[in-house]
Amino acid sequence: MSFNIRIAREDECSIIGQYIRNIAEYEKMSDQVIWTDEQLYNELFVEKNAYVVFGEEDGNIVGFALYFFNYSTFVGKKGLYVEDVFVLEEYRKKGYGKEFFKYLAQVAVDKNCGRMEWICLDWNQPSIDFYTKRLGAIPMDEWTVYRLTEEKIKDVANM
């Protein structure tokens, strides 16, 4: 079996959408997927606000990763933020998740990033174990993530 990672093409936007729905289902958050196909296409391939790569086993897409760049004022460099990594259940435990992170880490090196970050749901112990034991990632437990939804963003903008 051969595994490789490649950049997603514009004509694969519907496959990207399916993988986003797959991860949302795994995370028990399907009701929060609200984008339209046109919006997803525009964000990824017109505005280029995020980037997607697919993992393929013998030419079949078995996983994906979506990432974008942010900026750290403390480090003074951009960072690579991993929004999603997802491998289909029947292809897990083959090292493909590690391959995605190796690929993304190389992108971060190539782009001179000072950090690479992501979040993980606190109940997702298999992923937490992978991140900490296999990758050596450090949980940032002294930080709390806060979020404004689109509606609340508008409320704040109009305060």
Side-chain angles (χ1 to χ4, degrees), residues 3-57 60-72 78-111 113-141 143-150 153:
F3 182 77
N4 73 296
I5 295 175
R6 65 168 178 83
I7 297 169
R9 299 184 312 262
E10 288 186 32
D11 65 338
E12 296 175 313
C13 198
S14 64
I15 300 169
I16 296 167
Q18 185 55 55
Y19 271 85
I20 292 170
R21 287 187 288 275
N22 288 346
I23 197 167
E25 182 179 328
Y26 175 79
E27 294 179 343
K28 301 170 183 67
M29 301 172 81
S30 294
D31 61 319
Q32 295 183 37
V33 177
I34 60 171
W35 47 261
T36 65
D37 291 343
E38 293 153 354
Q39 180 183 12
L40 184 63
Y41 180 87
N42 186 62
E43 292 293 324
L44 297 177
F45 296 108
V46 177
E47 298 292 330
K48 299 188 185 310
N49 289 322
Y51 306 91
V52 175
V53 293
F54 284 127
E56 295 180 323
E57 181 185 89
N60 298 310
I61 297 172
V62 300
F64 95 123
L66 188 147
Y67 66 97
F68 58 89
F69 297 99
N70 56 18
Y71 188 81
S72 169
K78 69 179 151 222
L80 188 146
Y81 188 84
V82 182
E83 179 67 22
D84 291 324
V85 173
F86 184 81
V87 176
L88 295 173
E89 187 172 2
E90 60 268 30
Y91 294 95
R92 294 180 193 154
K93 307 278 188 214
K94 293 184 170 191
Y96 298 163
K98 183 178 178 183
E99 291 300 316
F100 274 114
F101 275 91
K102 282 174 55 177
Y103 179 94
L104 296 171
Q106 188 60 56
V107 170
V109 168
D110 293 346
K111 297 291 186 180
C113 294
R115 291 182 177 163
M116 186 168 145
E117 298 176 319
W118 60 93
I119 60 173
C120 181
L121 293 166
D122 59 7
W123 58 259
N124 191 349
Q125 197 60 50
S127 292
I128 292 168
D129 291 344
F130 170 72
Y131 299 146
T132 57
K133 295 175 183 169
R134 300 283 311 279
L135 298 182
I138 301 166
M140 303 297 291
D141 57 4
W143 296 84
T144 301
V145 176
Y146 291 90
R147 176 178 293 158
L148 290 174
T149 61
E150 187 173 6
I153 292 169

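Just so we're clear, the structure is a prediction, and the values are computed from it rather than from any experiment.
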Residues F64, F86; criterion ring-ring contact (aromatic ring centres under 6.0 Å, His included); working and verdict: CA-CA 6 Å; F64 95 123; F86 184 81; 7.1 Å; no
Does [atom1] in [X] sit with more than 12 non-hydrogen atoms of other residues, nucleotides or ligands closer than 6.0 Å?
{"X": "W143", "atom1": "CH2", "value": "no"}
{"X": "E89", "atom1": "CD", "value": "no"}
{"X": "E150", "atom1": "CD", "value": "no"}
{"X": "R134", "atom1": "CZ", "value": "no"}
{"X": "E38", "atom1": "CD", "value": "no"}

What closest approach, in Å, do [X] and [Y] show between heavy atoms, and which atom pair accounts for it?
{"X": "F100", "Y": "G55", "value": "CZ-N, 3.4 Å"}
{"X": "Y71", "Y": "K78", "value": "CD1-N, 3.7 Å"}
{"X": "I128", "Y": "L121", "value": "CD1-O, 3.8 Å"}
{"X": "N70", "Y": "E117", "value": "ND2-OE1, 4.2 Å"}
{"X": "A8", "Y": "F45", "value": "O-CE2, 3.9 Å"}
{"X": "E57", "Y": "Y91", "value": "OE1-CE2, 3.1 Å"}

For a 4.5 angstrom cut-off between non-hydrogen side-chain atoms, does [X] reach [Y]?
{"X": "W118", "Y": "V85", "result": "no"}
{"X": "F69", "Y": "L80", "result": "yes"}
{"X": "T132", "Y": "P139", "result": "yes"}
{"X": "M116", "Y": "L104", "result": "yes"}

Mind checking whether Y67 and Y51 have ring centres under 6.0 Å apart? yes
Atom pair [atom1] ([X]) and [atom2] ([Y]), whose distance is rounded to the nearest 0.5 Å:
{"X": "F130", "Y": "F101", "atom1": "CZ", "atom2": "CZ", "value": "6.0 Å"}
{"X": "Y131", "Y": "C120", "atom1": "OH", "atom2": "SG", "value": "5.0 Å"}
{"X": "I16", "Y": "E12", "atom1": "CD1", "atom2": "CD", "value": "7.0 Å"}
{"X": "I61", "Y": "Y19", "atom1": "CD1", "atom2": "OH", "value": "6.5 Å"}
{"X": "W35", "Y": "L44", "atom1": "CH2", "atom2": "CG", "value": "9.5 Å"}
{"X": "I20", "Y": "E83", "atom1": "CD1", "atom2": "CD", "value": "9.0 Å"}

I'd like to know whether F3 forms a side chain to side chain contact (heavy atoms under 4.5 Å, CB included) with K94, so could you lay out the CA-CA distance, the side-chain angles of the two residues, the decisive distance to 0.1 Å, and finally the verdict. CA-CA 10 Å; F3 182 77; K94 293 184 170 191; over 6 Å; no
Donor-acceptor contacts, no H, no angles, side chain residues 21-31, under 3.5 Å, sequence neighbours left out:
from : atom 1 : to   : atom 2 : distance (Å)
N22  : OD1    : Q18  : NE2    : 2.9
Y26  : OH     : N124 : OD1    : 3.2
S30  : OG     : E25  : N      : 3.4

For the pair D37 and C13, evaluate side chain to side chain contact (heavy atoms under 4.5 Å, CB included) and give the outcome as yes or no after the intermediate values. CA-CA 8 Å; D37 291 343; C13 198; over 6 Å; no
